[in-house]
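Data first, discussion second: the structure below is written as structure tokens.
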Amino acid sequence: MDMDKLVSLCKRRGFIFPSSEIYGGINGFWDYGPLGVELKRNIKDAWWRDNVHARDDMVGLDCSIIMNPKVWEASGHVGGFSDPMSTCRQCKRLFRTDQVWDQLQESDWFQSLVATGRDSQSLAQWAAKKGKKLAPGLALVRNPTEILSWLAERARTQPDEPIDAKTFVQYLATEQDARTGLVLPCPNCGGDLTEPRNFNLMFETHVGAVADEASKAYLRPETAQGIFANFKNVVDTGRVKVPFGIAQVGKSFRNEITPRNFTFRSREFEQMEIEFFCRPEESATWYKYWRDTRFQWYVDHGLRSDRLRIRDHDPGELSFYSTATADIEYGFPFGVSELEGIAHRGDYDLTQHQKYSGKDLGYFDEERKERYVPHVIEPSAGADRAALAFLCEAYTEDEIGGEARTVLKFHPRLAPIKAAIFPLVKKDGMPEKAQAIEREMKRRFPVFYDEKGAIGRRYRRQDEAGTPFCITVDGQTLTDDTVTVRDRDSCRQWRVPSAGVARALQDLLEGQPIPGDE
RNA sequence: GCGGGUGUAACUCAAUGGUAGAGUACCUGCCUUCCAAGCAGGUUACGUGGGUUCGAUUCCCAUCACCCGCUCCA
């Protein structure tokens, strides 16, 4: 499937528009149009019903977007992991400064260099041959004479101090020691890296009329911390007992990401997050439970399981506080990308907030008569990413009677409009009858009435909106009071009594097979 | 942030140093008894700001947005 076609359809049919488009748009922000808002709302509602209302171990929460800035100190978003980045001046690649050394050790040119002797002659030879190919940006390669003289100087002045591999490569990479100090080279080409720059992780704002350092606050970069900050409130008032979860749906904001791939990476996005609190000994079981449950949720709502996958993080990839993390990924047209992360966060967050707030966030377990800080499993889903995945999955081009057709095959639960109601032609009292049906249906379902143009055209329009069923009043309706129901995916039609059409639609939406298809 | 590409109507695309056409869509009639039919009429565009020029949608510069890559992430 072509992403451009989907973007175009989304705009044409009113699913998703670029934000502030009349002013030229703004990178990384998107608006949901009349159909898009229904789709996204259905996704959030389905998630809420399945994870909160349908369970007896989950409660909801809706906390403020702007919180006391100390929350973000405790979470590590201020200071902690606003990863400084460096760019290579030669090949222009971008690296996390703290990962340069690790990446360097894995690079071909570094390994080749290490395998060479450390004497001037071997190094000069390496620079002239292999180095030229593998690490054209390296100072040693570009300026061997000078670099080798530095090294000789170092050996003469500090003969008793052996040089470790890291320092050694720094010597070979540093052209202007006096000005820059020893630097690490680019893992890709050996070139010199810029000073580490700090990335602006969170959106900053100021609370109150005076904008000074003391009034600085942040738009939340995740909804999770609001749940941790309210853990004690919920435990004290919610009649909840471990194991239990707190769920929240809401907007989050990140400044440092590069917007890409339509709505997939946006600076403002909506999360659907659960923090599930449990006894430390049971945390591994709960982790597995949520990992499987959340995967199945996407399958149940129409994502083909062969486009979905679970990817368990390698130990080296895990955050330092996490003992296990898995990503639920979907095969988008632009690549396999993350829809949801399920993280075993241990007691890290509650402990951090305990430390920074000075409040006891321990939990007293009545059954076991003991006090402990619960461990946390965090299934964190992106609502916009889910919407995009469902759109991609639904987008289908097929052929009906030799004519090409574009259809969004949404799961009925997610479809923005559940049924369209048409008079076959605009005469003989058909519009009046169809409108009466529409009035009745409208109280129970999002439905759409249309009487303009040829019937085929109206069917196709609904196909593009993903409406699962169309109900048509025709000549026969006037004699026997039945209407036709038409199925979006098969284009098959059958008749039902018009008095029972709401009930019939209800059954169809709940998954009852269409007649002739049982 | 960096490198490369793109920017004309709601959508998909043309043409042009002398202010723009098509198809689709949309609106109004007529006609139409089941899958984008037909006829007649109609609405909508050169991303933005500068510059060169008698004159710029076209050339130049900047800016913004989008797409692709490096990187980050829900």
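Values below: every heavy atom of this structure, side chains too, minus hydrogens, waters and symmetry copies. Below, chain A is the first sequence line, B the second, and so on; all start at residue 1. In this text, all values refer to a predicted model and were calculated from it rather than measured experimentally.
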Exercise. On a whole-Å scale, what distance lies between the C1' atoms belonging to B/A9 and B/G21?
Worked result: 11 Å
Exercise. What nucleic acid atoms does A/K426 come within less than 4.0 Å of, heavy atoms only: base, sugar-phosphate, or nothing?
Worked result: base
Exercise. Nearest-Å distance, OH (A/Y459) to P (B/U32)?
Worked result: 19 Å
Exercise. With respect to the side chain of A/K11, which nucleotide from B/C34, B/C11, B/A74 is positioned closest?
Worked result: B/C11
For this session: State whether the side chain of A/R385 and the backbone N or O of A/F264 hold a donor-acceptor pair below 3.5 Å, judged by distance alone.
Result: yes
Exercise. Base, sugar-phosphate alone, or nothing: which one does A/A404 contact when heavy atoms must sit under 4.0 Å apart?
Worked result: base
Exercise. What about A/R458: does its side chain form a donor-acceptor pair under 3.5 Å with the base of B/C35?
Worked result: no
For this session: For the pair A/R413 and A/D45, find out whether any cationic side-chain nitrogen is under 4.0 Å from an anionic carboxylate oxygen.
Result: no
Exercise. What does A/N261 touch in the nucleic acid at a heavy-atom separation under 4.0 angstrom: a base, only the sugar-phosphate, or nothing?
Worked result: sugar-phosphate
Exercise. Please give, in whole Å, the distance from B/U33 C1' to A/K427 NZ?
Worked result: 8 Å
Exercise. Between A/D4 and A/R461, which is nearer to the 5' end of RNA chain B once each is assigned its nearest nucleotide?
Worked result: A/R461
Exercise. Looking for any heavy atom pair under 4.0 Å, which part of the strands does A/T484 touch: base, sugar-phosphate only, or nothing?
Worked result: base
Exercise. Under 4.0 angstrom, heavy atoms only, what part of the nucleic acid is A/E268 near: base, sugar-phosphate, or nothing?
Worked result: nothing
Seminar exercise, completed: Checking B/C11, B/C68, B/C26 against the side chain of A/F334 (C-beta onward), the nearest is B/C68
Seminar exercise, completed: Applying the 3.5 Å cut-off to both distances, the Watson-Crick or G-U partner of B/A14 turns out to be none
Problem set entry | Gap in Å between the two C1' atoms, one belonging to B/A22 and one to B/C64, rounded | 29 Å
Exercise. Expressed as a whole number of Å, how far does the P atom of B/C31 sit from that of B/G7?
Worked result: 45 Å
Exercise. For A/V425 and A/E338, take the nucleotide of RNA chain B holding the closest heavy atom to each; which residue's nucleotide lies nearer the 5' end?
Worked result: A/V425
Exercise. Is any side-chain nitrogen or oxygen of A/R460 closer than 4.0 Å to OP1 or OP2 of B/U24?
Worked result: no
Seminar exercise, completed: In whole angstroms, the gap separating C1' of B/C66 from CZ of A/R267 amounts to 14 Å
For this session: Can you figure out which of B/C35, B/U33, B/C73 approaches the side chain of A/L424 most closely?
Result: B/U33
Exercise. Starting at NZ of A/K452 and ending at P of B/G38, how long is that distance when rounded to a whole Å?
Worked result: 19 Å
Exercise. Taking only N and O in the side chain of A/R457, is any of them less than 4.0 Å away from OP1 or OP2 of B/A25?
Worked result: yes
For this session: Let me know the distance between CZ of A/R260 and C1' of B/C67, rounded to the nearest Å.
Result: 8 Å
Exercise. Would you say the base of B/A10 and the side-chain of A/R12 have a donor-acceptor pair closer than 3.5 Å?
Worked result: no
Problem set entry | Minimum-distance pair of heavy atoms, taken over all atoms of A/E273 and A/E222 | OE1-C, 4.2 Å
Exercise. With a 4.0 Å cut-off on heavy atoms, is A/G250 in touch with a base, just the backbone sugar-phosphate, or nothing at all?
Worked result: nothing
Problem set entry | Beyond-backbone contact of A/V376 with A/F276, side-chain heavy atoms, under 4.5 angstrom | no
For this session: Assign A/G475 to base, sugar-phosphate, or nothing according to its heavy-atom contacts below 4.0 angstrom with the strands shown.
Result: base
Problem set entry | Who pairs with B/C70 - Watson-Crick or G-U, where each distance is under 3.5 Å | B/G1
For this session: Report which part of the nucleic acid A/L339 touches: base, sugar-phosphate, or nothing (heavy-atom distance under 4.0 Å, all strands).
Result: sugar-phosphate
Exercise. With a 4.0 Å cut-off on heavy atoms, is A/F262 in touch with a base, just the backbone sugar-phosphate, or nothing at all?
Worked result: sugar-phosphate
Seminar exercise, completed: Applying the 3.5 Å cut-off to both distances, the Watson-Crick or G-U partner of B/G38 turns out to be B/C30
Exercise. Does the ring of A/F269 lie flat against the base of B/A74, closer than 5.5 Å centre to centre with planes under 30°?
Worked result: yes
For this session: Look at all strands and tell whether A/E270 reaches a base, only sugar-phosphate, or nothing, counting heavy atoms closer than 4.0 Å.
Result: nothing
Problem set entry | Euclidean distance for C1', B/U57 against B/U6 (whole angstrom) | 16 Å
Exercise. Ring centroid separation for A/F269 and A/W30, is it under 6.0 angstrom?
Worked result: no
Exercise. Using atom P of each nucleotide, how far apart are B/G5 and B/A62 to the nearest Å?
Worked result: 13 Å
Seminar exercise, completed: From CD of A/Q462 across to P of B/C35 the rounded distance in Å is 17 Å
Exercise. Does the side chain of A/Q352 come under 3.5 Å of the side chain of A/Y321 through a donor N or O and an acceptor N or O?
Worked result: no
Problem set entry | For B/U63, the Watson-Crick or wobble counterpart (both distances under 3.5 Å) | B/G47
Exercise. If you look at every strand shown and take non-hydrogen atoms under 4.0 Å, does A/F422 touch a base, only sugar-phosphate, or nothing?
Worked result: nothing
Exercise. What about A/R385: does its side chain form a donor-acceptor pair under 3.5 Å with the base of B/C73?
Worked result: yes
Exercise. Heavy atoms under 4.0 Å, any strand shown: does A/R486 hit a base, just sugar-phosphate, or nothing?
Worked result: base
Problem set entry | B/A14 and B/U8, which share atom name C1', separated by this distance in whole Å | 9 Å
Exercise. Do A/Q271 and A/S252 have side-chain N/O donor and acceptor atoms under 3.5 Å apart?
Worked result: yes
Exercise. Among B/C73, B/C34, B/A36, which is the nearest nucleotide to the side chain of A/T472?
Worked result: B/C34
For this session: Ignoring backbone atoms, establish whether A/N27 has a side-chain N or O less than 4.0 Å from OP1 or OP2 of B/C64.
Result: no
For this session: Figure out the CE/P separation between A/M3 and B/C67, and round it to whole Å.
Result: 9 Å
For this session: May I have the distance from A/I455 (atom CD1) to B/C31 (atom C1'), rounded to whole angstrom?
Result: 16 Å
Exercise. Should we count CG of A/D108 as having more than 12 external heavy atoms under 6.0 Å?
Worked result: no
For this session: Check every strand shown and say whether A/T258 touches a base, only sugar-phosphate, or nothing at a heavy-atom separation below 4.0 Å.
Result: base
Exercise. Charged N to carboxylate O under 4.0 angstrom, A/D450 versus A/R457?
Worked result: no
Exercise. So does A/R311 pair up with A/D327, basic N to acidic O under 4.0 Å?
Worked result: yes
Exercise. Taking the C1' atom of each, how far is B/U43 from B/U52, in whole Å?
Worked result: 36 Å
Exercise. Which is true for A/M430 with a 4.0 Å heavy-atom rule: it touches a base, it touches only sugar-phosphate, or it touches nothing?
Worked result: base
For this session: Provide the distance between the two P atoms, one in B/U19 and one in B/C46, to the nearest whole Å.
Result: 15 Å
